[in-house]
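Report on the structure given below.
All heavy atoms count here, side chains included; hydrogens, waters and symmetry mates do not. In this text, all values refer to a predicted model and were calculated from it rather than measured experimentally. Quick note: residue numbers are just sequence positions, from 1.
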Amino acid sequence: MSQQPILLDGKTVAQQVLNQCAQRVARIKAQSGITPALATVLVGEDPASATYVKMKGKRTEEVGMRSMRVHLPATTTTEELLAKIRELASDTTVAGILLQHPVPKGIDERAAFDAIPAIKDVDGVGVTNFGSVALLGFTHSSPDTGKEPVHGCCTPAGIMRLLAHYKVALRGMHAVVIGRSPILGKPMAAMLLNADCTVTVCHSRTVDLPGTVKRGDIVVAAVGKPKFVQGDWVKPGAIVVDAGYNAGNIGDVDFEACSKNASMITPVPGGVGPMTLATLIDQTSIAAEWMYCKTH
Ligand code: NAP
């Protein structure tokens, strides 16, 4: 490919999502008199996590919702965290609960994620939402169906939304997902499968990663290693989605080198990150609409 690839502009698309959210939040408030809250739970002092939580709180407030920030010490036990989550779960003013990943070693993060009721699991990290997405499909949760909304895991769901915005015809594509974490690679693979892609999931034990990536019509990098995906791994014309976010605003893809072959590519920053955040806020407002504006 000698042409410049199309930049998948997550920043602009995310802003459109947030604008729609603000309108939904205004309707919820007018109908119910309730200002929905997103509770963020941060455990420990990791500076990157603290920054993410701050950004999430800021976006929550920008669309007219309330940000409830819970900060627990690194010495918190699993039982103490579960008790806090149960308290937030029973607080009717809380529409969504986000537990910032990762929690300090020694805490059972899975148990904590799964203690969040599915409707308030607006980050889409619990087994119930994962199972619903994987088994039943995911069409950006909608309260119009009369069924409780399903929350997609925010990063892959945000990626699907970005691809939909750019009218990427996923059906029949060979998708290669690099990474199989419960919050990114696995739900990403499930969503791409639901979109009729043929999906290959790669991980640290994959043999011939470059050759496998080269067969991808669309490649999603979710590895956690800066500039990991090399330009010559990318098939000419492939779509490259960089879900990675490493220190210094560096993605998991060598952007310059991959741009030479890709037809479309996400920048870092300004690609997947803003879509993740917008999806979280969107799903919180959808949960709030379901909880406070019941027609069901
Ligand atoms: P993770 O839990 O550490 O998982 C990384 C995955 O990459 C694992 O499945 C691992 O394989 C695989 N991997 C590691 N080294 C590999 C190698 N040499 N070859 C092939 N696969 C390899 O990370 P994560 O939480 O999924 O995050 C991945 C990236 O996304 C990070 O850069 C993170 O910062 C970023 N992220 C961004 C957002 C956002 O909003 N933009 C949100 C979440 C995460 P094994 O399973 O075999 O160990």
Side-chain angles (χ1 to χ4, degrees), residues 1-18 20 138-140 152-180 184-202 209-246 249-279 282:
M1 295 283 295
S2 51
Q3 272 182 321
Q4 286 292 313
I6 294 168
L7 271 193
L8 301 175
D9 178 1
K11 199 172 167 197
T12 301
V13 180
Q15 193 53 55
Q16 291 171 10
V17 174
L18 291 171
Q20 287 165 11
F138 173 66
T139 49
H140 303 306
C153 196
C154 284
T155 302
I159 290 170
M160 294 303 282
R161 196 164 199 156
L162 186 60
L163 296 171
H165 178 89
Y166 283 90
K167 300 190 169 33
V168 173
L170 290 168
R171 177 167 294 169
M173 280 190 180
H174 182 194
V176 177
V177 179
I178 317 172
R180 57 173 167 180
L184 225 170
K186 279 182 185 166
M188 183 80 258
M191 289 179 200
L192 289 165
L193 184 61
N194 289 337
D196 293 331
C197 288
T198 301
V199 183
T200 301
V201 183
C202 302
L209 184 64
T212 307
V213 172
K214 193 114 193 179
R215 291 197 290 278
D217 302 308
I218 177 164
V219 178
V220 180
V223 194
K225 291 189 184 338
K227 295 192 178 185
F228 180 74
V229 176
Q230 303 298 301
D232 60 0
W233 299 6
V234 173
K235 178 166 83 174
I239 297 166
V240 177
V241 177
D242 189 350
Y245 197 72
N246 305 288
N249 275 346
I250 297 170
D252 287 351
V253 163
D254 184 336
F255 180 85
E256 294 299 327
C258 291
S259 290
K260 294 195 173 105
N261 277 337
S263 60
M264 294 183 170
I265 191 164
T266 56
V268 176
V272 172
M275 291 305 298
T276 300
L277 197 41
T279 302
D282 190 42

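- Residues in residues 226-246 take part in these ring pair (Phe, Tyr, Trp, His ring centres under 6.0 Å) pairs, two or more places apart or across chains: F228-W233.
- Looking at T155 and V272, their side chains come closer than 4.5 Å, going by heavy atoms from C-beta outward.
- Separating the CD1 atom in I265 from the CG atom in L8 is a distance of 8.5 Å, to the nearest 0.5 Å.
- If you take CG on L192 and CE on M173, they are separated by 10.0 Å, rounding to the nearest 0.5 Å.
- Looking at M275 and I159, their side chains never come closer than 4.5 Å, going by heavy atoms from C-beta outward.
- Between A221 and V253, the shortest heavy-atom contact is CB-CG2, 3.7 Å.
- In this structure, CG in L277 is found 11.5 Å from CG in D282, a value given to the nearest 0.5 Å.
- For the pair F255 and V240, the minimum side-chain heavy-atom distance is 4.5 Å or more.
- Residues I6 and S263 have side chains not in contact (no heavy-atom distance under 4.5 Å, counting atoms from C-beta outward).
- Residues forming a salt bridge (Lys or Arg N to Asp or Glu O under 4.0 Å) with D196 (at least two apart in sequence, or on another chain): R171.
- Side-chain atoms of K214 come within 3.5 Å of backbone N or O of D232 as a donor-acceptor pair.
- Closest heavy-atom contact between A189 and V201: CB-CG2, 3.5 Å.
- Atom CG of L7 sits about 10.5 Å away from atom OG1 of T12, to the nearest 0.5 Å.
- When all heavy atoms of L162 and G10 are compared, the closest pair comes out as CD1-CA, 3.8 Å.
- Taking 4.5 Å as the limit, some side-chain heavy atom of V219 sits within range of a side-chain heavy atom of I178.
- Taking each heavy atom of A262 and P5 in turn, the nearest pair found is O-CB, 3.2 Å.
- Considering only heavy atoms from C-beta on, N194 stays 4.5 Å or farther from M160 through its side chain.
- Residues passing the side chain to side chain donor-acceptor pair (under 3.5 Å) test with T198: none are found, sequence neighbours excluded.
- Remark: the backbone N or O of K235 is not paired with any side-chain donor or acceptor of N261 at under 3.5 angstrom.
- For the residue pair C154 and T276, the shortest heavy atom distance occurs at CB-O, 3.7 Å.
- Counting heavy atoms from C-beta outward, M264 and V241 have side chains that stay 4.5 Å or more apart.
- Summarising the geometry of L184 relative to A243, their closest heavy-atom pair is CD2-CB, 3.9 Å, with the distance given to 0.1 Å.
- Atom CE in M191 sits 14.5 Å away from atom NZ in K186 (nearest 0.5 Å).
- When side chains are defined from C-beta on, D252 counts as touching N246, because their heavy atoms get closer than 4.5 Å.
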| request: For R215 and T200, run side-chain contact (heavy atoms from CB on, under 4.5 Å): C-alpha distance rounded to whole Å, both residues' side-chain angles, the deciding distance at 0.1 Å, then the answer. | output: CA-CA 10 Å; R215 291 197 290 278; T200 301; over 6 Å; no

